[in-house]
Amino acid sequence: MPFSLLDLSPVPEGSEAADAIRNTLDLARHAESWGYRRFWLAEHHNMPGIASAATAVLIGLVAQATSSIRVGAGGIMLPNHAPLTVAESFGTLATAFPDRIDLGLGRAPGGDGAVIRALRRDPMADSFPQDVVELLDYLGPERPGAPVRALPGEGTNVPVWILGSSLFGAQLAAHLGLPYAFASHFAPSDLDRAIAIYRERFRPGPWNDRPQVMLAINVFAADDGDDARYLRTSMQLAFARLRTGMPGKLPRPVQDLDAEIGPQMRRMVDEALKISAVGNADEVGVQLHDLISTYRPDEVILTGQIHDHHARLRSFQIAADVMKAL
């Protein structure tokens with residue numbers, strides 16, 4: 001089964017965005033050597049712990065630092081941008097790095113109300129389906145004589161994915177015949193229904209002739225299972241702080257998570273992050289096998305925010321070895 005990697009370019013406590021970007025480039029080079037199919041980055045705004053806000057720029061840097069792995073967005077929050085601008089940006093990337101660029105599209109703003117206002121978004125507007133269709137037209141076959149053309153972009157046929165954490169994205173992806181990636185790594189509540197609806201309603205089209213599902217899974221792996229569970233506390237703590245309106249840099253791991261966030265918040269966080277594989281190679285292998293057997297994805301995309309960069313590298317290396325064995 002193909003396996004890919006989603007990176008948010010995390011900024012750990014004690015470091016800066018420049019360190020995060022260097023670490024992202026280093027991780028991408030390693031991911032390519034370990035057999036990952038894709039390396040995706042996500043658009044988030046106004047978050048001190050995430051350095052991938054200018055997603056297309058960072059995609060270009062990663063593509064330049066690697067040679068064969070596919071690089072893309074997981075995703076671009078389309079309501080924040082004019083479809084033409086996205087088509088030109090990703091058309092430029094696809095022209096510079098042929099057959100290596102992916103474009104995942106999300107419907108959320110990637111930030112709070114202040115971000116929406118700063119981006120000049122109309123919070124009441126919702127033209128996501130129409131914007132996706134417009135974007136597909138810009139990236140599709142050449143359109144001589146069209147009043148507006150994406151140049152570069154036209155004719156690149158950059159693969160477009162719909163990202164979602166609800167039933168809306170599943171229905172849209174099925175209707176347009178596009179591949180679908182579900183954000184199960186942080187919002188798993190509608191996972192079963194969304195995948196079922198997407199597969200049942202999929203309409204073949206010029207982009208895909210069959211449904212294609214990508215499942216997002218958190219992975220925290222280490223040579224010792226207890227070490228892996230300790231490393232995971234950074235993401236659990238970061239998620240809890242985000243949920244309580246206190247986002248910050250990626251925290252250092254802690255020995256007693258309940259003492260930091262309380263058992264009630266711990267249960268809420270663990271429910272949101274339940275699509276995860278945590279432990280040593282054997283434990284992670286069993287958990288990944290069970291998730292794949294349950295949801296039958298066509299591809300998995302692994303993610304996991306770990307404070308120490310070398311521990312993060314080791315986690316994704318173990319995960320790659322496990323996926324190859326599966």
### Query
Given the rule in the side-chain contact (heavy atoms from CB on, under 4.5 Å) test, do L176 and V160 qualify, once you have shown the distances and angles that lead to the verdict?
CA-CA 11 Å; L176 297 177; V160 172; over 6 Å; no

### Task
Take D258 and D256 through the test side-chain contact (heavy atoms from CB on, under 4.5 Å) and record every step on the way to the result.
CA-CA 6 Å; D258 285 350; D256 188 350; 3.8 Å; yes

#### Entry: Verdict with reasoning, E13 to H307, per side-chain contact (heavy atoms from CB on, under 4.5 Å)
CA-CA 8 Å; E13 290 179 346; H307 184 273; 4.0 Å; yes

### Task
Before giving the answer on side chain to side chain donor-acceptor pair (under 3.5 Å), spell out for Q305 and S234 the whole-Å C-alpha distance, their side-chain angles and the decisive distance to 0.1 Å.
CA-CA 7 Å; Q305 298 193 57; S234 288; over 6 Å; no

### Message
I'd like to know whether R70 forms a salt bridge (charged side-chain N to carboxylate O under 4.0 Å, His left out) with D99, so could you lay out the CA-CA distance, the side-chain angles of the two residues, the decisive distance to 0.1 Å, and finally the verdict.
### Response
CA-CA 8 Å; R70 298 192 66 87; D99 198 33; 3.4 Å; yes

### Task
Could you walk me through whether L172 and R107 pass the side-chain contact (heavy atoms from CB on, under 4.5 Å) test, one step at a time?
CA-CA 11 Å; L172 180 62; R107 184 183 174 211; over 6 Å; no

### Task
Dump the intermediate steps for side chain to side chain donor-acceptor pair (under 3.5 Å) on R314 and Q317, then the final yes or no.
CA-CA 5 Å; R314 181 59 181 150; Q317 182 182 23; 3.0 Å; yes

### Message
side chain to side chain donor-acceptor pair (under 3.5 Å) for W40 and D102? Distances and angles first, verdict last.
### Response
CA-CA 8 Å; W40 281 7; D102 297 324; 3.1 Å; yes

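Using a 4.5 Å heavy-atom threshold, the side chains of H175 and R201 count as separate. Using a 4.5 Å cut-off on side-chain heavy atoms (C-beta onward), S33 and R29 make no contact. Counting heavy atoms from C-beta outward, S165 and D190 have side chains that stay 4.5 Å or more apart. The side-chain heavy atoms of L302 and M323, taken from C-beta on, include a pair separated by under 4.5 Å. Annotation: side chain of T66 is in contact with side chain of R100 (closest heavy-atom distance under 4.5 Å). Side-chain contact between I301 and H185 is absent, with no heavy atoms from C-beta onward closer than 4.5 Å.
Linking ILVMFWY residues whenever their side-chain heavy atoms come closer than 4.5 Å, directly or via other members, places L191 and L291 in the same cluster. Note on L178 and F128: same hydrophobic cluster, where clusters join Ile, Leu, Val, Met, Phe, Trp and Tyr whose side-chain heavy atoms are under 4.5 Å apart, directly or indirectly. In the hydrophobic cluster analysis, where Ile, Leu, Val, Met, Phe, Trp and Tyr join through side-chain heavy atoms closer than 4.5 angstrom, L25 is grouped together with F39. No path of Ile, Leu, Val, Met, Phe, Trp and Tyr side chains, each step under 4.5 Å between heavy atoms, connects L6 with V62, placing them in separate hydrophobic clusters. Note: the hydrophobic cluster containing I69 also contains V158 (ILVMFWY, side chain heavy atoms under 4.5 Å, direct or indirect links).
Side chain of E32 to main chain of S67: a donor-acceptor pair is present (N/O by atom type, distance under 3.5 Å, no hydrogens or angles). Under the 3.5 Å distance criterion, the side-chain polar atoms of S315 are left unmatched by any main-chain donor or acceptor of A311. Side chain of R38 to backbone of V71: no donor-acceptor contact under 3.5 angstrom is found. Listed for the E299 side chain is no donor-acceptor partner under 3.5 Å among the backbone atoms of P2. In this structure, T294 contributes its side chain and D290 its backbone to a donor-acceptor pair below 3.5 Å. No donor-acceptor pair under 3.5 Å is formed between the side chain of H44 and the backbone N or O of S52.
Under the side chain to side chain donor-acceptor pair (under 3.5 Å) rule, S9 has a single partner from T24, T55, D19, which is T24. Between R312 and the choices I306, L231, D26, the side chain to side chain contact (heavy atoms under 4.5 Å, CB included) rule is met once, by I306.
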Under 3.5 Å, sequence neighbours excluded: what are the donor-acceptor pairs made by side chains of residues 274-284?
from : atom 1 : to   : atom 2 : distance (Å)
K274 : NZ     : E271 : OE2    : 3.2
S276 : OG     : N218 : ND2    : 3.3
S276 : OG     : L273 : O      : 2.4
N280 : OD1    : D282 : N      : 3.1
N280 : OD1    : E283 : N      : 2.9
E283 : OE1    : N280 : N      : 2.9
E283 : OE2    : R229 : NH1    : 3.4

Enumerate donor-acceptor pairs with a distance under 3.5 Å from any side-chain N or O in residues 208-215 to protein atoms, sequence neighbours excluded.
from : atom 1 : to   : atom 2 : distance (Å)
N208 : ND2    : Q212 : OE1    : 3.0

Review item, side-chain donor-acceptor pairs of residues 136-150, under 3.5 Å, at least two apart:
from : atom 1 : to   : atom 2 : distance (Å)
Y138 : OH     : E134 : OE2    : 2.8
R143 : NH2    : V148 : O      : 2.8
R149 : NE     : E154 : OE1    : 3.3
R149 : NE     : E154 : OE2    : 3.0
R149 : NH2    : E154 : OE1    : 2.7

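By the ring pair (Phe, Tyr, Trp, His ring centres under 6.0 Å) test, H30 is found to be paired with W34, residues two or more places apart in sequence or in another chain being considered. Y198 pairs by the ring pair (Phe, Tyr, Trp, His ring centres under 6.0 Å) definition with Y180, F202, not counting sequence neighbours. Judged as a ring pair (Phe, Tyr, Trp, His ring centres under 6.0 Å), and not counting sequence neighbours, F90 has no contacts.
Note that the CD atom of E260 and the CD atom of Q236 stand 11.5 Å from one another [nearest 0.5 Å]. T92 OG1 to L151 CG: the interatomic distance, rounded to the nearest 0.5 Å, is 10.0 Å. Taking CG of L326 as the start and CG of D321 as the end, the distance is 11.0 Å to the nearest 0.5 Å. Atom CG of L78 and atom CG of L105 lie 5.5 Å apart (nearest 0.5 Å).
The aromatic rings of F3 and Y36 stand perpendicular to each other, their planes meeting at an angle above 60°, with 30° marking the opposite boundary.
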